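None of these values were measured; they are calculated from a predicted model. Read the numbers this way: they start at 1 and go in the same order the structure lists the ligands and their atoms. Just so you know, these numbers use all the heavy atoms, side chains as well, and skip hydrogens, waters and symmetry mates.
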Amino acid sequence: MAELQTLFDYTGHLPECPTWSETEQALYWADILQGEIHRYRLASGEHSVLSFPEEVGCFALREKGGFIVAMRQAIWLTDERGLLRQKVCDNPSNPQLARFNDGGTDQLGRFYAGTFWDPGDYNGALLMRVDNDLTPKVVQCDIHGANGLAFSRDKQWMFTSDTPNGVIYRTPLDEQGEPGRREIFRQFKAGEGSPDGAAMDVEGCYWSAMFDGWRIARFSPQGEQLEEHRLPVRCPTMVCFGGDDMKTLFITTTRENMDAEEIAQYPLSGAIFTLPVAVAGVKKPLFKER
Ligand SMILES: O=C1O[C@H](CS(=O)(=O)O)[C@@H](O)[C@H](O)[C@H]1O
């Protein structure tokens with residue numbers, strides 16, 4: 001099997017939210033701190049960038065075209081060019097202290113977005129959802145930095161992580177996809193890396209970007225580590241599956257908070273990597289509006 005490669009000659013500041021577009025055979029991602037959404041078409045190598053007025057924590061592709069975008073102050077619907085068309089809701093956290101961070105769609109095409117509590121004095125962040133009729137709802141609290149959102153293919157589980165607290169949670173979902181009580185899936189010790197963005201594969205395994213850990217890890221549905229893939233950079237931020245057969249893992253990484261010495265020594269910090277894997281990933285649905 002081929003090895004880890006860079007997607008193309010690119011390094012960003014804080015690339016996150018890699019999102020595969022099946023129809024375009026393209027990878028989208030956000031550079032959170034630059035307030036950008038990028039697209040890279042695999043066949044042609046065409047790279048395009050949309051700019052937004054604030055940090056872009058996360059986004060999803062809409063069934064109707066365009067994006068649903070969680071910026072610092074609010075969540076918006078945009079068109080394909082990134083023009084803000086309709087405000088969905090304000091950030092229910094204090095936006096001065098908590099920007100949006102990780103997010104994505106569930107199996108029903110609803111959009112989840114979590115916030116990141118910058119002061120870090122307590123677990124002041126939250127996870128919210130935008131339903132198909134655009135109703136917003138806060139679904140979880142007691143989070144320092146919301147991350148690692150992923151849904152099992154059987155619609156039974158929502159996974160999340162809290163990176164600064166070094167923990168992955170799983171939360172049961174009922175018939176309507178409403179989250180129940182979250183439970184600890186796996187807790188990490190200092191030195192192992194912290195669980196950042198994630199994706200699920202069709203065998204129910206959870207792939208986690210281990211921030212500050214130089215690696216991607218694959219966990220069984222019971223939380224046992226089954227695979228580890230080493231990286232030439234310290235801080236991967238998120239993973240997603242894509243490609244013709246959903247067997248390419250796209251890995252975003254960051255150079256946020258790195259000094260010039262570290263960047264000179266590890267110049268691929270902030271690059272996007274591809275890794276062929278044996279088991280296909282679960283497709284991330286488009287955001288569906290009624
Ligand atoms: O998702 C994110 O996580 C990281 C890591 S940590 O939570 O600070 O450990 C953070 O640097 C980044 O800003 C954020 O987007």
Side-chain angles (χ1 to χ4, degrees), residues 11-19 28-38 52 54-60 69-73 75 91 93-104 112-128 140-150 159-169 186-199 206-217 231 233-240 250-259 262-263 266 268-273:
T11 47
H13 190 177
L14 180 52
E16 287 253 18
C17 204
T19 301
Y28 284 83
W29 67 96
D31 187 320
I32 297 182
L33 299 177
Q34 300 300 116
E36 295 169 344
I37 293 180
H38 294 242
F52 294 83
E54 295 172 349
E55 295 104 313
V56 172
C58 56
F59 68 90
V69 186
M71 292 193 289
R72 181 178 278 275
Q73 298 281 341
I75 297 182
N91 178 352
S93 287
N94 175 343
Q96 269 69 51
L97 300 178
R99 63 164 167 78
F100 276 109
N101 197 49
D102 184 87
Y112 279 77
T115 60
F116 199 103
W117 184 249
D118 274 337
D121 49 349
Y122 75 108
N123 290 335
L126 54 84
L127 179 68
M128 63 166 294
Q140 278 181 355
C141 295
D142 191 21
I143 301 165
H144 181 165
N147 248 319
L149 182 79
F159 288 78
T160 54
S161 70
D162 185 338
T163 315
N165 284 320
V167 62
I168 300 172
Y169 295 106
R186 191 167 168 126
Q187 178 79 57
F188 295 84
K189 295 191 222 58
E192 290 185 282
S194 296
D196 203 313
Y206 181 83
W207 292 71
S208 177
M210 297 303 297
F211 189 90
D212 204 21
W214 304 85
R215 65 194 183 106
I216 303 299
L231 299 172
V233 295
R234 185 165 59 84
C235 294
T237 56
M238 193 165 170
V239 294
C240 87
F250 294 95
I251 304 163
T252 52
T253 71
T254 184
R255 53 176 56 195
E256 183 194 18
N257 297 327
M258 290 182 185
D259 60 21
E262 182 169 5
I263 291 170
Y266 302 104
L268 292 177
S269 301
I272 296 177
F273 295 90

TODO: Answer with yes or no after comparing the ring centroid distance for His144 and Phe116 against a 6.0 Å cut-off, counting only values under it.
DONE: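 So the answer is yes for these two rings.
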
Considering the heavy atoms of [X], write down every atom of ligand 1 situated less than 4.0 Å from one of them.
X      : result
Glu16  : 1 (O), 2 (C), 14 (C), 15 (O)
Asn147 : 1 (O), 2 (C), 3 (O)
Pro164 : 7 (O)

So which bit of [X] gets within less than 4.0 Å of ligand 1, heavy atoms only: side chain, backbone, both or neither?
X      : result
Arg99  : side chain
Asp102 : neither
Ile32  : side chain

Nearest non-hydrogen protein atom, [atom]:
atom                    : result
atom 8 (O) of ligand 1  : Phe116 CZ, 3.8 Å
atom 3 (O) of ligand 1  : Asp196 OD2, 3.2 Å
atom 10 (C) of ligand 1 : Glu256 OE1, 3.6 Å
atom 14 (C) of ligand 1 : Asn101 OD1, 3.4 Å

Open item on the list: Quick one, Ile32 and Glu256 - any side-chain contact, counting heavy atoms below 4.5 Å?
Closed with: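 Heavy-atom side-chain distance check fails, nothing below 4.5 Å.
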
Task: Nearest neighbour of atom 9 (O) of ligand 1 from the list Asp162, Asn257, Thr163, Thr237, on a heavy-atom basis - done: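 Checking each option, the heavy atom nearest atom 9 (O) of ligand 1 is found in Thr163.
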
Task: Partners passing side-chain contact (heavy atoms from CB on, under 4.5 Å) against Ser194 (at least two apart in sequence or in another chain) - done: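 For Ser194 the side-chain contact (heavy atoms from CB on, under 4.5 Å) partners, ignoring immediate neighbours, are Thr163.
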
Show the nearest heavy-atom pair for residues [X] and [Y], with the distance to one decimal.
X      : Y      : value
Ala70  : Phe100 : CB-CG, 3.6 Å
Thr253 : Leu268 : OG1-O, 3.7 Å
Ser93  : Ala98  : CB-CB, 3.7 Å

Open item on the list: Distance check, rounded to the nearest 0.5 Å: Leu127 atom CG versus Tyr112 atom OH?
Closed with: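 Rounded to the nearest 0.5 Å, the CG-OH separation comes to 7.0 Å.
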
Task: Donor-acceptor under 3.5 Å (Asp162 side chain, Val167 main chain) - done: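 Between the backbone of Val167 and the side chain of Asp162 there is no qualifying donor-acceptor contact (under 3.5 Å).
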
